[in-house]
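These values consider heavy atoms only, across backbone and side chains, with no hydrogens, waters or symmetry-generated copies. Letters A, B, ... are given to chains in the order of the sequence lines, protein chains preceding strands, and every chain is numbered from 1.
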Amino acid sequence: MNQIPANGPAKGENDATDATDPRVARRNKLNQLIERGIDPYGSRFDNRTFVSECRSRKNEVKFVTAEGQTLELPDFDAADPDAPIDYRQWKTDNGPGAETGPIVRVAGRVMLCRPTGKLIFLNIRDWTGNIQIFVGKKQVGDDDFDLAKLFDLGDLVAAEGRLGRTNTGELTVFAEKLFMMTKMLEPAPEKHAGMTNLDLRQRMRYADLAFNDGVMDTFMDRTRIIKAIRQTLDDDQFCEVEGPTLHTIAGGAAARPFITHHNTLDMQLYMRIALELHLKRLMVGGMERVYELGRVYRNEGLSPRHNPEFTMLEAYQAYGDYEVMMDLTERLIASAIEATGGNYQREFDGRMIDFSVPFQRETYAHLFHKATGIDPSDDNAVIEFAKGIGIKTDGKHLDVVRNEIFEEKVEDSLDGPIFVIDYPASICPLTKRKRDNPEVAERFELFILGMEIANAYTELNDPDLQEALFETQLSGQEEEDSMAKMDHDFVRALRYAMPPAGGLGVGIDRLVMLLTGQRSIRDVILFPVLRPETDSAK
RNA sequence: GAGAGUGUAGCUCAGUCGGUAGAGCAACGGACUUUUAAUCCGUUGGUCCAGGGUUCGAGUCCCUGCACUCUCACCA
């Protein structure tokens, strides 16, 4: 510690000047670039070739013999990896000649670097894939070769050169010119394991995306899924809107809201917990098919399936009902599957999901009976059963008890995909009752591997009943636990006539989880909620 | 909020019974013009999460705190 550095440009005073410190080494190289007149932060790079395009043009790489005959290359991709094609031998067999290929201009991040004397192999990654770059001292010249020696793992670099094959057959850009794009000043993560610390990966998603395999793919799939869902709705004449995220009453769901404050109005506002009530107002206004794909906020705990802000789709179709929404749900999920490879069998956490439509449909009462052996309409039996599994029944509405039994005994075992239909009415204050049975609400929930993915109903459009349901709900429950906060304006809107309609809500993050095989919601949200960084992190 | 686990080099991780802190990768110096986690030779790098305690002696045992992970709770 107290030893004075024996050599190097370091002035000695502090450890940060140690040339073997990765950060210092990168700064030193940055300075060397500047001394050579090279901008370490690069500039515009035109006529760029994406790596995916390089790969799609691999067939343009050919071999021209001395006689001028153009030969196709062996099929390296089909070759047995244990017995690869000896391309050097192939070339010898075909006599003197030269490889030809298109000139490409690639740019990306240096992922691997293998210097072998006067040769350097770089693997760079752009957001379409990885490709190898061959840098030969003789081929690029001394200046560019010296430049390549200043490249570190993680730097953004570019190369112009011919697309070709190395002796092992790997598709490679044979650089003729190199460019510094941007120097990375932080040390690179371990080059095989990458960053494994979950907290760091989420906190520094930029590094996670840049260095860990598959992360980009997952988020690209997320984008494709959302795009497909939007497309399907648009094709079906739905119109996309943006409701307010700041609400004066946080309604439409049972969740504790985030509270915020408007200064000039000196007014308490809530971040929205659902999209529902404003979309229904729009249906009153005549937007007959309307949807919003947006963020909602719930002030609750975190778990592998919960993030305080998450993305929800809600869609409403006038003159429809919950069965119409079931069909829509199937089409939306099918479109998401088509957008992510088209495979209807997906593995998730070691289990297989069969997304083939139509999905199974079972009534709440039937599933309840199957799991418990008791008739859900037999109130005494329900109470007995609840007590038997430790559910408190005092002061609770019987349907709440019923639902707690259902959640305890049925939901986790619903591998699905399965539509659970026809819920007890009293736990559904925004839902229309069945015409022939007011105890049952026209509602379904879609379960997959015990996770609730979608929730829909035939929307209640009777303003008087809606108002009454708001009031009963309010009197029976803690305000913060109730989804049915009295919203007078919403009731007034219903008095202006909302058409009979079906409404659907889909938890987009959970759907993306299932379709991309990610076990944690935090792996499908780019920037999940985290505690503030402490001093121990840098 | 409860329980369990984890915290050691820039990164990924070992560290036995309490006895002077280890490896791989990265970095630095050297060799190498077809590599594939390139290889080979050499070198540097540590507030062992923080604070307290037990002990002749603590990365290791005890207590407190912090952070993260998992499970549970909250959660249409």
* Asked: Cation-pi between A:R205 and A:F527: NZ/CZ under 6.0 Å from ring centre and within 45° of the ring axis?
  ->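 The answer is no, since A:R205 fails at least one limit relative to A:F527.
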* Honestly, is A:K91 close enough over A:Y87, meaning NZ or CZ under 6.0 Å from the six-membered ring centre and within 45° of the axis? ->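 Yes, cation above the ring, under 6.0 Å and within 45°.
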How far, in whole Å, is [M] from [N] if one measures between their [atom1] atoms?
N: B:C17; M: B:U55; atom1: C1'; value: 15 Å
N: B:U12; M: B:G19; atom1: C1'; value: 28 Å
N: B:C62; M: B:C72; atom1: P; value: 28 Å
N: B:A50; M: B:C13; atom1: C1'; value: 23 Å
N: B:U71; M: B:G15; atom1: P; value: 25 Å
N: B:A37; M: B:G46; atom1: P; value: 31 Å
N: B:C48; M: B:U6; atom1: C1'; value: 14 Å
N: B:A21; M: B:U16; atom1: P; value: 13 Å

If [N] has a Watson-Crick or G-U wobble mate with both distances under 3.5 Å, name it; if not, just say none.
N: B:C75; result: none
N: B:A58; result: none
N: B:U34; result: none
N: B:U43; result: B:A27
N: B:U6; result: B:A67
N: B:U20; result: none

With a 4.0 Å cutoff (strictly under), does any side-chain N or O of [X] reach OP1 or OP2 of [N]?
X: A:K191; N: B:A38; answer: yes
X: A:T116; N: B:A38; answer: no
X: A:T196; N: B:C13; answer: yes
X: A:R114; N: B:U35; answer: no

Classify the nucleic acid contact of [X] as base, sugar-phosphate or nothing, counting any heavy atom under 4.0 Å across all strands shown.
X: A:Q132; value: base
X: A:I120; value: nothing
X: A:D199; value: sugar-phosphate
X: A:R88; value: sugar-phosphate
X: A:G194; value: sugar-phosphate
X: A:P304; value: sugar-phosphate
X: A:N197; value: sugar-phosphate
X: A:L122; value: nothing
X: A:F134; value: base
X: A:K91; value: nothing

Among [options], which nucleotide sits nearest the side chain of [X]?
X: A:K118; options: B:U35, B:A27, B:U33; result: B:U33
X: A:H192; options: B:C74, B:A37, B:C11; result: B:A37
X: A:P189; options: B:C11, B:U33, B:A27; result: B:C11
X: A:L198; options: B:G10, B:C70, B:U33; result: B:C70
X: A:L119; options: B:U34, B:C13, B:U35; result: B:U34
X: A:H306; options: B:U69, B:C75, B:A26; result: B:C75

Ion pair present between [X] and [Y], side-chain N to carboxylate O less than 4.0 angstrom?
X: A:D523; Y: A:R201; result: yes
X: A:R433; Y: A:E439; result: no
X: A:E309; Y: A:R295; result: yes

* When you match A:E300 and A:T166 each to their closest nucleotide on RNA chain B, which lands nearer the 5' end? ->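 Mapping each residue to its closest nucleotide by heavy atoms, the 5'-most match is A:T166.
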* Mapping A:R510 and A:E190 onto RNA chain B by nearest heavy atom, which one lands closer to the 5' end? ->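 With A:R510 and A:E190 compared, the 5'-side residue is A:E190.
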* Asked: If you draw a 6.0 Å radius around NZ in A:K137, do more than 12 non-hydrogen atoms from other residues or ligands fall strictly inside?
  -> yes
* **Enclosure of A:R519 CZ (heavy-atom neighbours >12, cutoff 6.0 Å)** =>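 At most 12 heavy atoms, drawn from other residues, nucleotides or ligands, come within 6.0 Å of this atom.
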* For A:E445 and A:Y423, run side chain to side chain donor-acceptor pair (under 3.5 Å): C-alpha distance rounded to whole Å, both residues' side-chain angles, the deciding distance at 0.1 Å, then the answer. => CA-CA 9 Å; A:E445 290 196 288; A:Y423 277 68; 2.8 Å; yes
Atom-to-atom span, [atom1] of [X] to [atom2] of [N] - whole angstrom:
X: A:R305; N: B:C72; atom1: CZ; atom2: P; value: 7 Å
X: A:L185; N: B:G10; atom1: CG; atom2: C1'; value: 14 Å
X: A:F151; N: B:A26; atom1: CZ; atom2: P; value: 18 Å
X: A:M195; N: B:C13; atom1: CE; atom2: C1'; value: 16 Å
X: A:R165; N: B:U35; atom1: CZ; atom2: C1'; value: 16 Å
X: A:M271; N: B:C75; atom1: CE; atom2: P; value: 21 Å
X: A:F211; N: B:A37; atom1: CZ; atom2: P; value: 19 Å
X: A:R23; N: B:C11; atom1: CZ; atom2: C1'; value: 11 Å

* **Aromatic plane relationship, A:F258 with A:Y297 - under 30° parallel, 30 to 60° tilted, over 60° perpendicular** => perpendicular
